[in-house]
Amino acid sequence: MSATSFDDATITILGLGHIGLPTALGLAELGRHVIGADADAGKVELIRDGKPAFYEPGLDDLLSKHLQSGRFRPAVDVEEAVRAGSIIFICVGTPQKPSGEADLAQVEAVARVVARNLNGYKLIVEKSTVPAITAQWLKRTIVRYCPGSPSLGAGGAMTDPISPDFDVASNPEFLREGKALEDFFHPDRIVCGVESDRAREILTGLYRPLGCPLVMTDTSTSELIKHAANAFLSTKISFINMVSDLCEKVGADVTAVARGIGLDARIGRQFLDAGIGYGGYCFPKDLRAFIYLAGENGVDFSLLQEVERINQRRVEVFVRKVRQAIWNLAGKTLGVLGLAFKAGTDDIREAVSLKIIQALLDEGSILRLYDPQAMPNTQQVFPASTERITYCPSAYEAARGAQALLVLTEWEEFCQLDLAKVRDLMEVPIMVDGRNLFNPATVRQAGFEYFSMGRDGAGSSGLAARSGTTAA
Ligand code: UGA
């Protein structure tokens with residue numbers, strides 16, 4: 001079968017989370033017919049009603065557009081969705097086990113469903129972040145559980161053993177939450193790990209409209225690229241955070257250092273924003289899975305263990321900064337701006353802000369919290385009824401009566417605040433900016449005592465802005 005015959009092939013996306021849903025809608029926008037299936041019937045119902053289960057800019061509009069165009073069909077019946085598709089993307093979760101190892105139970109379960117429903121050639125594409133050699137396991141599992149497979153034994157075997165017709169490919173996702181659609185339509189590159197010419201041609205045809213470099217490799221290399229990318233980006237963040245600490249000691253400005261080294265094309269400016277550290281569902285988990293994979297294979301990757309340790313210490317670094325700014329934490333009222341693990345999302349999984357909130361509560365502080373999107377999720381962790389926590393309807397309300405204002409997420413909305421109004425609402429105008437979101441001179445001119453990350457040393461000019469954000 002030629003690749004051209006796959007230009008109209010139905011695509012099935014298994015798993016409608018932060019990766020699956022944007023991918024499904026992105027492919028629908030490229031003109032493909034997409035079925036999106038998820039075992040969580042409640043989630044599928046919401047999506048059918050045009051409501052994604054999470055916040056992602058632009059997603060609601062694209063969802064209603066393609067529910068109407070009919071190019072995107074949500075489905076609860078995963079088996080039927082597999083039978084209907086010729087290209088199957090696996091986008092299910094890969095959480096972590098206590099050891100740090102990736103838990104691939106959902107991936108295996110999907111492989112068995114695929115095996116049971118092979119009704120013609122299918123290309124099975126793993127998009128979930130998985131450790132190297134998972135594609136080999138996928139392939140082996142599909143062969144084993146395919147009806148007629150001798151390895152099913154007497155109980156499962158059919159009379160005529162068949163040779164299943166499928167390929168497995170790896171196509172790791174590099175979408176960032178909060179920018180998922182932008183990243184889908186304007187990727188830096190697309191990586192595909194393939195084992196056959198047919199798989200290569202199908203994926204090349206699928207992604208041709210995006211006009212970006214295609215990196216074609218074998219499946220294990222492709223899987224490793226994803227983990228290496230996230231590990232490297234985490235390393236950049238921990239590196240700049242250590243530089244930030246040093247800047248404070250010698251009176252330098254970390255944002256100027258980031259610019260000074262980042263303009264070197266070999267280094268690059270992105271992911272050199274110092275602050276409270278990285279969080280989210282991907283970096284912490286993927287780093288641990290990569291460390292685990294290295295360890296299992298006898299490779300000493302202690303560099304990455306240090307990256308993780310540095311990141312874990314950011315909570316204490318920040319809390320110490322707050323303590324240095326306001327002295328005792330017990331009984332102090334603190335406004336908190338930002339709960340999501342980053343701007344543009346309502347996701348709080350492994351958010352550093354939550355660890356900081358816990359540390360402040362442990363010290364006896366009274367917190368007034370605000371986030372443009374993540375308050376409902378945060379209330380699941382810190383219920384509104386919790387003593388010493390108030391959820392506020394705006395950043396101004398969070399500042400009301402506070403003895404310090406803490407910035408924990410880099411929301412653009414905070415840059416637009418009327419600082420004079422914020423100052424007047426506070427009991428004591430102190431700001432501790434964990435994201436270097438504000439221009440120090442501007443905040444100080446507005447009458448605040450201002451503390452930030454790696455810019456508080458004696459020689460710090462505070463003139464350089466963080467990457468990609470307009471400082472106030
Ligand atoms: C990350 C990768 O950037 C994506 O390419 C990848 O597809 C995704 O993981 C994944 O594996 O699914 P994401 O977790 O959405 O994306 O968020 P990032 O923008 O990478 O930020 C991660 C964390 O690092 C956030 O907490 C952010 O605030 C922090 N960060 C980022 C910094 O502290 N400093 C920076 O300079 C950049």
Side-chain angles (χ1 to χ4, degrees), residues 15 17-23 54-57 91-96 102 127-131 171-184 186-191 223 225-244 254-255 257-259 261-262 267-290 307-308 310-311 314-315 317-318 338-356 374 407-411 434-437 453-454 465-469:
H18 288 271
I19 297 299
L21 190 56
T23 302
F54 53 92
Y55 172 72
E56 181 65 47
C91 300
V92 296
T94 51
Q96 65 177 337
K127 224 177 211 327
S128 308
T129 300
V130 290
N171 173 216
E173 194 43 80
F174 300 102
L175 304 182
R176 290 164 297 171
E177 286 184 31
K179 297 206 163 137
L181 293 176
E182 189 184 317
D183 287 347
F184 180 89
H186 306 285
D188 290 337
R189 81 308 201 179
I190 284 172
V191 175
E223 290 163 336
I225 286 172
K226 170 62 196 248
H227 265 142
N230 276 1
F232 190 77
L233 292 170
S234 315
T235 303
K236 278 187 95 172
I237 297 170
S238 281
F239 177 84
I240 201 66
N241 280 332
M242 290 313 298
V243 173
S244 168
V254 73
T255 48
V257 174
R259 181 169 151 77
I261 62 174
I267 296 173
R269 173 63 185 83
Q270 293 189 56
F271 282 73
L272 288 179
D273 288 326
I276 57 174
Y278 61 78
Y281 188 61
C282 303
F283 281 2
K285 163 177 86 69
D286 291 351
L287 196 73
R288 278 173 221 139
F290 206 38
V307 167
E308 191 182 17
I310 291 168
N311 198 58
R314 297 317 285 168
V315 175
V317 167
F318 183 77
L339 305 168
F341 84 95
K342 60 182 274 192
T345 179
D346 60 356
D347 197 346
I348 54 161
R349 290 174 294 177
E350 297 235 18
V352 184
S353 52
L354 301 196
K355 293 177 188 151
I356 290 172
V407 181
L408 302 187
T409 310
E410 64 279 31
W411 285 100
R435 296 291 194 165
N436 288 348
L437 188 60
M453 310 300 282
R466 63 198 307 289
S467 70
T469 308

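All ligand and atom numbering here is 1-based and tracks the order in the structure.
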Nearest 0.5 angstrom please: Lys226 NZ to Asp286 CG, how far? 6.0 Å
Rounded to the nearest 0.5 Å, how far does CZ of Arg314 lie from NZ of Lys355? 13.5 Å
Does ligand 1 have an atom that lies less than 4.0 angstrom from a heavy atom of [X]?
{"X": "Cys282", "value": "yes"}
{"X": "Lys179", "value": "no"}
{"X": "Glu410", "value": "yes"}

Flag the pair Thr129 / Cys282 as yes when at least one side-chain heavy-atom distance between them is below 4.5 Å, and no otherwise. no
Is the shortest heavy-atom distance from the side chain of Asn311 to the side chain of Leu287 under 4.5 Å? no
Pairs of nitrogen or oxygen atoms closer than 3.5 Å, one from [X] and one from ligand 1: do any exist?
{"X": "Lys342", "answer": "yes"}
{"X": "Gly279", "answer": "yes"}
{"X": "Thr129", "answer": "no"}
{"X": "Asp273", "answer": "yes"}
{"X": "Ile237", "answer": "no"}
{"X": "Gln270", "answer": "no"}

From atom 4 (C) of ligand 1, work out which of Thr345, Asp183, Leu175 has a heavy atom at the shortest distance. Leu175
For [X], counting its heavy atoms only, list the atoms of ligand 1 lying under 4.0 Å from any of them.
{"X": "Glu173", "result": "7 (O)"}
{"X": "Lys226", "result": "6 (C), 7 (O), 10 (C), 11 (O), 12 (O)"}
{"X": "Arg176", "result": "3 (O), 4 (C), 15 (O), 16 (O), 19 (O)"}
{"X": "Gly277", "result": "33 (O)"}

Arg288/Glu308 under salt bridge (charged side-chain N to carboxylate O under 4.0 Å, His left out): CA gap, chis, key distance, verdict: CA-CA 8 Å; Arg288 278 173 221 139; Glu308 191 182 17; 2.6 Å; yes
